[in-house]
Amino acid sequence: MAPLRGAKRRKKAAAEKKAAMAAAAGQGAPGGDWWDGFCMRMAGTLSSVESHRFESIFKMPRKTFNYVCSLVKDDMMVRASSYTFLDGTVLSLEDRVAVALRRLNSGGSLVTVGASVGVNHSTVSLITWRFVEAVEARAGHHLRWPDSDEMAMIKSKFEKIHGLPNCCGVVDTTHIIMCLSSAEPNCKVWLDQEKNYSMVLQAVIDPDMRFTDIVTGWPGSMKEASILNSSGLFKLCEKGSRLNGSTLKLSSDESEVGEYIIGDAGYPLLPWLLTPYQENDLSDPKVEFNRRHSAARVVALKALARFKDTWKFLQGEMWRPDKHKLPRIIHVCCLLHNITVDMEEDAAMDEARISDDHDANYMQQVCLLADEKAVNVRDKLSEHLNNRSTADKIG
């Protein structure tokens, strides 16, 4: 029996090698062959217009899709003959990436996605998780804190577009809705302020709608301020390891403002995190600060709305998701979001079409905590901005 088992192993290895070579050859084929075949498989589930529009299906241009394929090729093509269509044809690299992307961006169930592309629903599940692991392993460099040169460009854009000097980003949170059974242990901790079961994503976002820092996995019952305090971002900023670049010298009294990010009223006011004024009857400088602050924050609202609109897997209501895997899936969708932003050619045109309502029907949280030094920093900056605005009007 031993020679027979060895023969089976050799036969299986040869089949896998042949399948891998065929898939690799398919990857190099120019233009239409792979795409035409995929369109034919999906012809019954797409409109005639949609079936010929690559971006309408995968939410990214063809060149971005090809780049993602190149990133995950080695991981996705391990045991190349393991995944087949219902007709027995082995899935190529592009087929596998396409199946995973459809699962993540269509919001369809495993059965629906499988039926639409001609594979078993268990194959969709296995391929999607293999893809998540591969993107995690290979694309981490697309989501990191900016270096000094990159940060200088970010600050320049915030000042040029919104008139906020030395601003390094916008922090915000969004809720990923889940369906949990009330009988599930500890289910109440996931119940948020709007009585939805959810997991929270916190992100810092630059002027181009790119994520520069994220934290996720926290239950929906936690407030924005608590999530911030529990994050690595908070710890790094508090000890001066982040947002420690050049300071801004104010012309009015020679005082200085360090690097900072901005956030909504749900966050505490800190020297490195400036929030809007919340009191009534604001002075002109405070009104001017809030105006610029609000305008700059829109980039985060649009980025999170675009993120959830693209990766509809996270927008739909997931039935009892694995709470250990879900943060990893959210992280991978953030990486894919950044890859798309990094490779797109006309972000401004795309941004104009994006909603800014990423957490529909959620009330604004309010945090009244304010660091004394931060109060002074914000007041000084408000005076500076108002003086500049007045000078611009006179000039």
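The first residue in the sequence is number 1, and the count goes up from there. Side-chain atoms are counted along with the backbone in the values below, which use heavy atoms only and exclude waters and symmetry mates.
Put simply, CD1 on I227 and CG on L233 are 12.5 Å apart, with the number rounded to the nearest 0.5 Å. T123 contributes atom OG1, which lies 12.5 Å from atom CZ of R130 (distance to the nearest 0.5 angstrom). Between the CG atom in L269 and the CG atom in L369 there is a gap of 10.0 Å [rounded to 0.5 Å]. The distance from atom CG of L164 to atom CD1 of I161, rounded to the nearest 0.5 Å, is 11.0 Å. For the atom pair K325 NZ and T128 OG1, the distance stands at 10.5 Å (nearest 0.5 Å). Atom-to-atom distance recorded for L143:CG and L335:CG is 5.5 Å, nearest 0.5 angstrom.
Between K59 and E55 no salt bridge is recorded (no basic side-chain N to carboxylate O distance below 4.0 Å). Using a 4.0 Å cut-off between charged nitrogen and carboxylate oxygen, R242 and E259 do not count as a salt-bridge pair. Between D309 and K312, at least one side-chain nitrogen of the basic residue sits less than 4.0 Å from a carboxylate oxygen of the acidic one, meeting the salt-bridge criterion. Ion pairing between a basic and an acidic side chain is recognised when a charged N comes within 4.0 Å of a carboxylate O; E344 and R306 show such pairing.
Side-chain atoms of H337 come within 3.5 Å of backbone atoms of M209 as a donor-acceptor pair (strictly under, hydrogens ignored). A donor-acceptor pair is defined here as one N or O able to donate and one able to accept, closer than 3.5 Å; such a pair exists between the side chain of Q193 and the backbone of M363. When atom types are taken as modelled, the side chain of S230 and the backbone of S226 share a donor-acceptor pair closer than 3.5 angstrom. Formation of a donor-acceptor pair under 3.5 Å by the R96 side chain with backbone atoms of L91 is found in this model. Judged purely by atom type and a 3.5 angstrom limit, E150 uses its side chain to pair as donor or acceptor with the backbone of D147. Judged purely by atom type and a 3.5 angstrom limit, R292 uses its side chain to pair as donor or acceptor with the backbone of G163. Remark: the backbone N or O of S122 is not paired with any side-chain donor or acceptor of S125 at under 3.5 angstrom. With hydrogens and angles ignored, the 3.5 Å screen pairs no side-chain donor or acceptor of H384 with any backbone N or O of K249. T216 places no side-chain N or O within donor-acceptor distance of the main-chain N or O of P327, the cut-off being under 3.5 Å. Judged by distance alone, with hydrogens and angles left aside, the side-chain atoms of T89 form no donor-acceptor pair with the main-chain N or O of F85 at under 3.5 Å.
Around the CD atom of E372, the shell of radius 6.0 Å holds no more than 12 heavy atoms that belong to other residues, nucleotides or ligands. No more than 12 heavy atoms of other residues, nucleotides or ligands lie within 6.0 Å of NE2 in H324, so this atom counts as exposed by the packing criterion.
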Could you walk me through whether T340 and F65 pass the side-chain contact (heavy atoms from CB on, under 4.5 Å) check? CA-CA 9 Å; T340 305; F65 178 90; over 6 Å; no
Candidate pair K157 and D206, rule salt bridge (charged side-chain N to carboxylate O under 4.0 Å, His left out), full reasoning: CA-CA 9 Å; K157 285 185 178 181; D206 75 10; over 6 Å; no
Walk me through whether R291 and E288 qualify under salt bridge (charged side-chain N to carboxylate O under 4.0 Å, His left out). CA-CA 5 Å; R291 184 185 68 80; E288 181 64 20; 2.7 Å; yes
Carefully, step by step, assess L101 and L336 under the rule side-chain contact (heavy atoms from CB on, under 4.5 Å). CA-CA 10 Å; L101 288 177; L336 293 168; 4.3 Å; yes
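The closest side-chain donor-acceptor pair between T173 and Q202, if any, does not fall under 3.5 angstrom. Looking only at atom types and distance, the side chain of N196 has no donor-acceptor partner in the side chain of H175 under 3.5 Å away. In the model, Y197 has no side-chain atom that pairs as donor or acceptor with a side-chain atom of D192 under 3.5 Å. Counted by atom type alone, S246 and K155 present one or more donor-acceptor pairs between their side chains at under 3.5 Å. Side-chain polar atoms of S221 and K188 form no donor-acceptor pair below 3.5 angstrom. Side-chain contact, D95 with S92: a donor N or O sits under 3.5 Å from an acceptor N or O. Side-chain contact annotation: N229 with Y267, donor-acceptor N/O pair under 3.5 Å absent.
Residues that satisfy the side-chain contact (heavy atoms from CB on, under 4.5 Å) test with D75, not counting sequence neighbours, are A134, R138. For the side chain to side chain donor-acceptor pair (under 3.5 Å) test, residues two or more places apart in sequence or in another chain that qualify with E159 are R388. In this structure, K235 has no side-chain contact (heavy atoms from CB on, under 4.5 Å) partners at least two apart in sequence or on a different chain. Take T247 and apply the side-chain contact (heavy atoms from CB on, under 4.5 Å) test, not counting sequence neighbours, and it matches E256. E238 pairs by the side chain to side chain donor-acceptor pair (under 3.5 Å) definition with W272, not counting sequence neighbours. Take V111 and apply the side-chain contact (heavy atoms from CB on, under 4.5 Å) test, not counting sequence neighbours, and it matches S109, H121.
Using a 30° and 60° split on the angle between ring planes, Y277 and F289 fall in the perpendicular class, above 60°. In this pair, F307 and F211 present their aromatic rings perpendicular. The plane angle is above 60°, beyond the 30 to 60° band. Ring orientation note: the planes of W35 and F38 are close to parallel, at an angle under 30° on the 30°/60° scale.
Within the 4.5 Å cutoff, side-chain heavy atoms of Y260 are placed close to those of N166.
No path of Ile, Leu, Val, Met, Phe, Trp and Tyr side chains, each step under 4.5 Å between heavy atoms, connects I330 with M222, placing them in separate hydrophobic clusters.
A side-chain contact (heavy atoms from CB on, under 4.5 Å) with P165 is found for exactly one of L250, V257, L248, namely L248. Between I261 and the options D213, I205, L243, V170, a side-chain contact (heavy atoms from CB on, under 4.5 Å) holds for only L243.
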